[in-house]
Structure formats: C-alpha cells, structure tokens
There are 2 protein chains.
Amino acid sequence: MSTPLYQLKAEFFKTLGHPARIRVLELLSEREHAVAEMLPEVGIEPAHLSQQLAVLRRANLVKTRKEGSTVYYSLISPQVAELLRVARTILSGVLAGQAELLADLQAAQRPAKPPS
Amino acid sequence: MSTPLYQLKAEFFKTLGHPARIRVLELLSEREHAVAEMLPEVGIEPAHLSQQLAVLRRANLVKTRKEGSTVYYSLISPQVAELLRVARTILSGVLAGQAELLADLQAAQRPAKPPS
DNA sequence: TCAGCAATTGCCAATATTAGCAATTGCTGA
DNA sequence: TCAGCAATTGCTAATATTGGCAATTGCTGA
C-alpha cells in the first residue's frame with residue numbers, strides 16, 4: 001500500500017468538504033441531475049460548478065451520462081446518501097450541544113446556576 | 001438560519017479531511033485516549049497534534065477530561081464511529097472501481113477484451 | 001519553591017484550495 | 001456551414017490550511 005489508508009480517508013472527506021459539492025451530492029442522492037438543472041440549486045456560476053463536479057469525478061464519487069449536449073450526473077455509490085444521512089444526525093447533535101452551551105451562557109448573565 | 005445547512009455540513013466534513021484528525025477519530029472510536037498515548041500512533045510532533053485536536057474540539061466532535069497533567073480525549077458522538085465505518089465501505093468500493101479500471105487498462109495492452 | 005514533564009498556544013512561511021474571467025469543445029437546429 | 005447553447009478547461013489572484021519552531025501554562029514530585 002503506497003498511501004496509508006487514513007490518508008485516503010482524509011482525502012475522501014476532503015472532497016466532501018465544500019458547500020457546492022455537498023449540495024450536489026444531496027441533489028444526486030435523490031436522482032440523477034443534468035448540470036443545467038443543478039445550477040440554480042447550487043447558485044454558483046457554471047464554470048465554477050464544472051470545477052467542483054470535476055473534483056467529484058476525480059474522486060470517483062459520481063459518473064456522467066451524455067445525452068446530446070447535456071450531461072447527466074449520478075452517484076456511483078448509493079451509500080453516499082447514507083453517509084450524508086449519518087452526517088446530518090451527528091451534526092444535529094453537535095448543533096444541539098451548541099444551543100445548550102448558548103443557553104448556559106445566557107443563563108450565566110443572570111444569577112448563575114452552575115452546570116449540572 | 002444565518003449559515004445554510006449545507007455550509008455547516010461542508011465544514012463538518014472539512015474537519016474530517018486531515019490524516020491526523022482521521023487517525024485520532026479512529027483511535028477514539030475504540031476508547032478514550034490520552035494525548036501522549038496517541039502521539040506514537042499518529043506520528044506527528046506534539047505541538048502539531050495539539051493543533052489538530054484543537055480543530056476537533058472547536059468542531060465539537062471530541063471532549064476532554066483532565067487527570068493530573070494528562071488530558072484524555074473521547075468522542076462526543078459515538079455516531080462518528082459509524083460514519084467512519086460507512087466511509088470505509090464507500091472507499092473500498094471506490095478503490096475496487098479503480099482496481100477494475102487499472103485491470104482494464106492493463107488488459108487493453110493485450111488483444112483487447114471489451115468491458116462486460 | 002523549583003525542576004521537569006504534558007499539553008497547549010502564537011507566530012510565520014510553505015502549500016493547497018477556491019473563485020473569477022476568458023477561451024475552448026462539442027452538439028444542434030436554422 | 002455557422003450561430004448558439006451546454007459544459008468544460010486554463011490561468012490567476014485571493015484566501016485558507018498546514019506544519020515547524022519557540023514560548024507558555026499547569027501540574028507533580030523532590
């Protein structure tokens with residue numbers, strides 16, 4: 001193994017680490033989409049979307065199908081949808097934790113009640 | 001919502017996008033670890049590990065427990081372990097796909113046998 | 001009290017990522 | 001054939017991440 005496994009994992013997550021790419025993967029979790037179809041959803045200029053799609057292609061996460069001059073993208077592995085689902089669960093936990101913290105901070109401005 | 005959800009998700013994945021941080025999360029998926037204990041596993045200098053741990057702390061993915069002068073880290077959400085598991089599955093699919101591609105490329109040098 | 005270790009922080013240069021703009025490719029319909 | 005649209009590529013400046021080194025904090029045992 002030339003590259004250690006955790007290096008590959010890190011690169012994998014790095015390719016997910018961009019708002020436009022996440023947005024695209026979410027759209028593709030539902031069904032395949034043409035580039036033009038994704039454009040308004042992602043809200044970035046065409047050239048930039050192409051670049052981000054290229055990143056996903058290079059990472060082997062999506063595949064393309066050409067029909068005339070429009071290109072349809074879809075997920076290679078449907079498990080990506082599951083990954084996003086798990087991530088959402090974790091994230092809502094994290095955000096809930098932060099909300100709690102926020103509440104504590106706000107409470108601390110009044111006659112302090114110590115954390116449980 | 002000041003920051004759109006997919007922005008938060010991207011940031012979440014971005015914090016996973018570093019070999020040392022992945023390594024740490026894998027270790028913590030098993031059980032809590034002291035910093036000194038992780039050092040040889042991760043194989044980077046102490047100051048750098050601290051920095052990466054700080055990234056994980058800021059992202060609310062890990063928590064610390066102090067005992068004397070040693071600091072123990074653990075996962076806040078055990079679901080992170082599941083996330084890493086799903087990621088591994090996807091990754092092995094991706095790598096298998098690449099291996100196939102490689103095999104095809106090699107086969108293409110001999111009297112070509114078309115893809116199934 | 002202070003020497004010594006664990007862990008962290010701050011600062012900075014090297015490196016990688018992102019996003020904007022112009023130019024190009026490939027297909028389609030007039 | 002060529003005008004026009006979909007998508008992509010190349011180049012570049014702005015921005016963010018990284019990793020190395022020195023200095024600091026906090027605890028413990030002599």
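Here is how names work: the chains are called A, B, and so on, in the same order as the sequence lines, proteins then strands, and each is numbered from 1.
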*Start at the 5' end of DNA chain D and walk down; is the nucleotide closest to B/Lys66 or to A/Tyr72 reached first?*
A/Tyr72
*Could you state the CD1-P distance from A/Ile44 to C/dG20, rounded to the nearest angstrom?*
9 Å
*Can you tell me how far the CG atom of A/Leu61 sits from the OG1 atom of A/Thr15, to the nearest 0.5 Å?*
5.0 Å
*Should the pair A/His48 and A/His18 be assigned to parallel (<30°), tilted (30 to 60°) or perpendicular (>60°) ring geometry?*
perpendicular
*Just how far, in rounded Å, is C1' of D/dC5 from CD of A/Glu37?*
17 Å
*Whole-Å distance between D/dT18 P and B/Arg58 CZ?*
10 Å
*asked:* My validator wants the stems of DNA chain C: runs of 3 or more consecutive Watson-Crick or G-U pairs, both distances under 3.5 Å, written as range with range.
replied: C:1-30 with D:1-30
Could you go over nucleotides 8-11 of chain D and give all protein N or O partners under 3.5 Å, atom names and distances?
residue : atom : partner : partner atom : Å
D/dT8   : OP1  : A/Tyr73 : OH           : 2.5
D/dT8   : OP2  : A/Ser50 : OG           : 2.7
D/dT8   : O5'  : A/Ser50 : OG           : 3.2
D/dG10  : O6   : A/Gln51 : NE2          : 3.4

*Whole-Å gap separating C1' (D/dC5) and CG (A/Leu39)*: 13 Å
*Once you round to the nearest 0.5 Å, how far does CG of A/Leu83 lie from CZ of A/Phe12?*
5.0 Å
*Say whether B/Arg65 and B/Tyr73, considering side chains only, have a donor N or O and an acceptor N or O under 3.5 Å apart.*
no
*By a strict heavy-atom criterion of less than 4.0 Å, which residues belonging to residues 17-25 of chain B are in contact with DNA chain D?*
B/His18, B/Arg21
_Donor-acceptor pair, distance only, cut-off 3.5 Å: does the side chain of B/Thr70 make one with the backbone of B/Lys66?_
no
_Give me the atom names and distance for the closest heavy-atom approach of B/Ser77 to A/Ile90._
OG-CG1, 4.1 Å
*Taking side chain as C-beta onward, heavy atoms only, is B/Lys14 less than 4.5 Å from A/Lys14?*
no
*In whole Å, what is the span from the CD atom of A/Glu67 to the C1' atom of C/dT28?*
14 Å
*Rounded distance in Å - NZ (A/Lys14) to P (C/dA16)*: 9 Å
*Nearest-angstrom distance from the residue atom CD of B/Glu45 to P of C/dT9*: 15 Å
_Quick check for you: to the nearest 0.5 Å, what is the distance between A/Ile76 atom CD1 and A/Arg57 atom CZ?_
11.0 Å
*asked:* A side-chain contact here means heavy atoms from C-beta on lying under 4.5 Å apart; do B/Asn60 and A/Leu95 qualify?
replied: no
*asked:* Using a strict threshold of under 4.0 Å (side-chain N to carboxylate O), is an ion pair present between B/Glu37 and B/Arg31?
replied: yes
*Any salt bridge between B/Glu26 and B/Arg21, counting N to O under 4.0 Å?*
no
